[in-house]
Protein chains: 2
Amino acid sequence: MPYTAEHKLKSKERILQSATELFCRFGFDKVSINQVMKLAKMTHGAFYAHFESKEALYKASFLQTLDGSSSGRLAKAPFSIGHLIQLAHNLLNLRALSEQTRPSPENILFNEIGSDSTEIRQLYEKSYLGVLKILEKRITALSKLNKLSFVANQKSIKERSRAILASLVGAVAIAKSIQSEDERQRILNAAQNQILSLLGVSELSAD
Amino acid sequence: MPYTAEHKLKSKERILQSATELFCRFGFDKVSINQVMKLAKMTHGAFYAHFESKEALYKASFLQTLDGSSSGRLAKAPFSIGHLIQLAHNLLNLRALSEQTRPSPENILFNEIGSDSTEIRQLYEKSYLGVLKILEKRITALSKLNKLSFVANQKSIKERSRAILASLVGAVAIAKSIQSEDERQRILNAAQNQILSLLGVSELSAD
DNA sequence: GTCTAAAAATTATCTTGATCATATTTTATA
DNA sequence: TATAAAATATGATCAAGATAATTTTTAGAC
């Protein structure tokens with residue numbers, strides 16, 4: 001048997017690293033297999049010895065680092081309104097997002113909207129449901145600690161979580177699609193204030 | 001000079017018709033020049049005698065029917081809370097949107113999120129600003145008629161309009177990206193209730 | 001009525017990216 | 001040291017956008 005046992009593993013790992021880096025920076029569509037393989041110091045043909053397809057690569061890259069994602073960390077972190085606000089703030093901070101070097105549910109949520117690929121859409125749904133669940137948990141926990149200013153039953157918590165996510169995704173999608181820096185800030189701010197108000201926190205001044 | 005004067009015009013018009021139909025149904029990325037030209041009963045090569053690029057075709061298709069768009073009609077329609085609610089309802093109704101046969105700002109807003117093409121992004125921004133302005137106008141008009149339940153100054157109207165649009169775009173984007181019909185309805189409903197509450201209307205029961 | 005040349009349309013070609021098939025290189029072990 | 005299976009590389013195919021080269025069309029000159 002040629003090659004040491006770990007040779008292929010190392011190659012695959014290199015491909016995965018390259019893919020993660022490029023996908024996070026540019027998104028699924030704007031990254032080519034060729035780019036990934038060049039960064040991994042191989043030629044394009046070798047790719048299919050390691051992955052079924054480009055989608056499979058994306059999925060692998062996503063799943064590999066899921067645990068280390070900020071929402072993963074957040075799910076385990078102690079509860080506080082401050083943390084929730086920080087979540088919103090992080091998600092709304094486009095620069096931080098685009099500089100992220102690990103794929104994460106939030107990352108997919110904002111980067112892979114409207115993909116034609118069934119597999120990417122499945123990851124999208126998974127990410128959406130995951131982030132939604134985290135939001136619900138945190139809001140529930142806060143409400144049990146009587147830290148929220150609204151009456152929180154299960155239904156209203158679920159509805160608020162969905163409304164928050166819709167605002168987040170919409171504002172970020174719009175912000176990423178328009179040129180005007182001013183308007184970008186305004187829509188992100190409007191969404192942030194709306195989210196804070198959904199959490200029962202009074203509005204902050206424009207950042 | 002060969003061909004009657006209007007021959008080319010008619011061909012161009014046929015291309016435009018085909019493009020409008022296909023783009024509205026499937027969006028920019030999922031439609032090929034070949035498809036458009038086949039529907040227009042020509043071969044792909046003829047395309048570039050009529051349009052600079054695929055983007056130019058999209059733009060032309062968009063601009064051609066802009067006046068007839070629903071947001072155009074809505075901007076001229078009489079003001080009422082009912083109309084505003086209907087706007088939100090229409091925008092949230094995915095089926096109606098996807099069956100639309102004319103391009104419209106709303107259509108672009110939901111179909112062309114995150115496009116790589118600079119030209120499509122410019123149309124996106126234009127559409128966003130247009131719909132935003134319409135929202136602001138209508139909310140302002142309603143507030144002057146004292147029909148709203150919140151104190152409406154210019155700033156809060158602008159902020160509310162942005163928050164509404166973010167919710168709309170986010171909810172529709174998510175709804176289009178996920179498989180579960182249940183969750184689709186829930187996120188759309190959450191967004192709708194949120195929008196109604198931003199307008200000062202009490203929540204409706206789930207549709 | 002025919003002929004002609006500019007306009008319109010078709011067909012062939014180029015490019016890039018995903019995918020696949022074939023060829024080549026690599027290296028553990030017989 | 002030779003070998004063969006595994007890993008990688010090279011080259012081909014296919015689709016889609018874009019261009020080039022070629023053919024078809026027909027208004028208007030004769």
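Just so we're on the same page: letters track the sequence lines, and every chain starts at 1.
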Is the Lys NZ or Arg CZ of Lys30(A) less than 6.0 Å from the centre of Phe23(A)'s six-membered ring, within 45° of the axis?
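Judged by the rule, Lys30(A) and Phe23(A) form no cation-pi pair.
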Checking Lys59(B) against Phe51(B): charged group under 6.0 Å from the ring centre and within 45 degrees of the axis?
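So Lys59(B) doesn't make the cation-pi contact.
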Touch class at under 4.0 angstrom, heavy-atom based, for [X] against every strand present:
X	result
Thr43(B)	base
Val36(B)	nothing
Ala49(B)	nothing

Which nucleotide wins on minimum distance to the side chain of [X], given the candidates [options]?
X	options	value
His44(A)	dT10(D), dA18(D), dA16(D)	dT10(D)
Glu55(B)	dA8(C), dT19(C), dA18(D)	dA18(D)
Ile33(A)	dT19(C), dG17(D), dT10(C)	dT19(C)

Over how many whole Å does the gap from [X] atom [atom1] to [N] atom [atom2] extend?
X	N	atom1	atom2	value
Glu6(B)	dA8(C)	CD	P	12 Å
Tyr58(A)	dT19(C)	OH	P	16 Å
Met37(B)	dG17(D)	CE	C1'	13 Å
Lys12(A)	dA6(D)	NZ	P	16 Å
Lys10(B)	dT25(D)	NZ	P	18 Å
Lys54(B)	dA18(D)	NZ	C1'	12 Å
Met42(B)	dT23(D)	CE	C1'	17 Å
Lys38(A)	dT16(C)	NZ	P	11 Å

Quick check on side chain to side chain donor-acceptor pair (under 3.5 Å): which of Lys54(B), Gln122(B), Glu55(B) does Ser117(B) satisfy it with?
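Checked Lys54(B), Gln122(B), Glu55(B) against Ser117(B); only one passes side chain to side chain donor-acceptor pair (under 3.5 Å): Glu55(B).
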What heavy-atom pair brings Glu183(B) and Leu129(A) nearest, and what distance separates the two atoms?
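Glu183(B) and Leu129(A) have their closest heavy atoms at CG-CD2, 4.1 Å.
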Verify the contact: side-chain N or O of [X] to OP1 or OP2 of [N], cut-off strictly under 4.0 Å; return yes or no.
X	N	answer
Tyr48(B)	dA18(D)	yes
Ser11(B)	dA9(C)	yes
His50(A)	dT8(D)	yes
His7(B)	dA9(C)	yes

Around Gln179(A), counting heavy atoms of other residues, nucleotides and ligands shown, do more than 12 lie under 6.0 Å from its CD?
yes
